[in-house]
> 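Please find one structure pasted underneath; my questions will follow.
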Amino acid sequence: MRGPVAPPQVPLSASRGDTFRDLVQDSVERLERRWPQLAEVDFMVLEVPAAPDDSVPLGSSAPATRERSARVVVYRRPVELRAKSRDERALLVHEVVVEQVADLLGLAPESVDPRYGED
């Protein structure tokens with residue numbers, strides 16, 4: 001008989017993609033407390049950037065247009081490759097989200113999150 005190694009409510013059954021999305025969502029929730037207008041922004045996780053250049057971005061942002069709302073994208077694979085542990089990955093995800101929100105709002109990252117760069 002074959003079945004799942006762990007029941008769905010156990011963290012073992014969460015995929016790497018699900019775990020990464022949770023990190024992004026945690027970061028967004030932290031920022032939304034200070035910046036309620038972020039509720040109008042779409043936050044997305046993509047595996048890799050569409051057309052990598054010489055440097056591979058960790059995230060991107062795009063302002064709102066008539067056709068779609070503003071969005072922030074975090075690229076999972078580039079972030080995972082740069083982080084050695086779960087804690088390091090969580091910090092890097094938060095930094096990427098803060099940087100992209102700052103770019104979207106036209107502010108310095110330190111204005112978006114006063115603790116930016118301290119960890």
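Note: hydrogens, waters and symmetry copies are ignored here, and every other heavy atom, side chains too, is used.
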> Could you report the tightest heavy-atom contact between Leu23 and Arg89, atom names first, then the distance?
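Closest pair (atom of Leu23, atom of Arg89, distance): CD1-CG, 4.0 Å.
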
> Considering only heavy atoms from C-beta outward, does the side chain of Glu95 approach that of Leu58 to under 4.5 Å?
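The answer is no, as the side chains (C-beta and beyond) never meet within the 4.5 Å cut-off.
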
> Counting distance only, does the side-chain N/O of Arg21 pair as donor-acceptor with the main-chain N or O of Arg16 below 3.5 Å?
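It does not hold such a pair.
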
> With clusters built from Ile, Leu, Val, Met, Phe, Trp and Tyr whose side-chain heavy atoms come within less than 4.5 Å, directly or transitively, what are the remaining members of the cluster of Leu81, listed by chain and number?
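Members other than Leu81 - counting any ILVMFWY side chain reachable under 4.5 Å - there are none.
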
> If you measure from CG on Asp26 to NE2 on His94, what distance do you get to the nearest 0.5 Å?
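If we round to the nearest 0.5 Å, Asp26:CG and His94:NE2 are 10.5 Å apart.
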
> Looking at every non-hydrogen atom in both residues, tell me the closest pair between Val98 and Tyr116 and how far apart they are.
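Where Val98 meets Tyr116 most closely, the heavy atoms are CG1-CD1, 3.7 Å.
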
> Provide the closest heavy-atom pair for Arg30 versus Asp113 in the form atom of the first, atom of the second, distance.
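Scanning both residues, the minimum pair turns out to be NH2-OD2, 3.5 Å.
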
> What's the spacing between Arg86 CZ and Thr19 OG1 if we round to 0.5 Å?
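Reported value, rounded in 0.5 Å steps: 6.5 Å.
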
> Decide yes or no for Pro49 and Ser60: does some side-chain heavy atom of the first lie under 4.5 Å from some side-chain heavy atom of the second?
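Not in contact.
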
> Who pairs with Glu29 by side chain to side chain donor-acceptor pair (under 3.5 Å), at least two apart in sequence or on another chain?
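Per chain and number, Glu29 pairs via side chain to side chain donor-acceptor pair (under 3.5 Å) with Gln25.
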
> Do Val97 and Phe43 make a side-chain contact, defined as non-hydrogen atoms from C-beta onward lying under 4.5 Å apart?
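Answer yes - side chains close enough.
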
> According to a hydrophobic-cluster definition based on side-chain heavy atoms being under 4.5 Å apart (Ile, Leu, Val, Met, Phe, Trp, Tyr only), do Val48 and Val56 belong together?
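Val48 and Val56: separate clusters.
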
> Got a sec, which residues hit side chain to side chain contact (heavy atoms under 4.5 Å, CB included) with Ala108, two or more places apart in sequence or on another chain?
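Applying side chain to side chain contact (heavy atoms under 4.5 Å, CB included) to Ala108 gives Glu110, Ser111.
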
> Among Arg82, Arg77, Lys84, which residue meets the salt bridge (Lys or Arg N to Asp or Glu O under 4.0 Å) test with Glu80?
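When Arg82, Arg77, Lys84 are each tested with Glu80, the salt bridge (Lys or Arg N to Asp or Glu O under 4.0 Å) holds only for Arg77.
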
> Using the test side chain to side chain contact (heavy atoms under 4.5 Å, CB included), find all partners of Ser61 that sit at least two apart in sequence or belong to another chain.
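Per chain and number, Ser61 pairs via side chain to side chain contact (heavy atoms under 4.5 Å, CB included) with Val72, Gln100, Asp103, Leu104.
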
> Apart from Val73 itself, what residues make up its hydrophobic cluster, given side-chain heavy atom links below 4.5 Å?
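Listed partners: Met44, Leu46, Tyr75.
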
> Quick one: which residue pairs count as a salt bridge (charged side-chain N to carboxylate O under 4.0 Å, His left out) with a foot in residues 40-50, not counting sequence neighbours?
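As it turns out, the salt bridge (charged side-chain N to carboxylate O under 4.0 Å, His left out) pairs with a partner in residues 40-50, which skip direct neighbours, are Glu47-Arg76.
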
> Could you please spell out the steps behind the side chain to side chain contact (heavy atoms under 4.5 Å, CB included) verdict for Trp35 and Val41?
CA-CA 11 Å; Trp35 302 94; Val41 176; over 6 Å; no

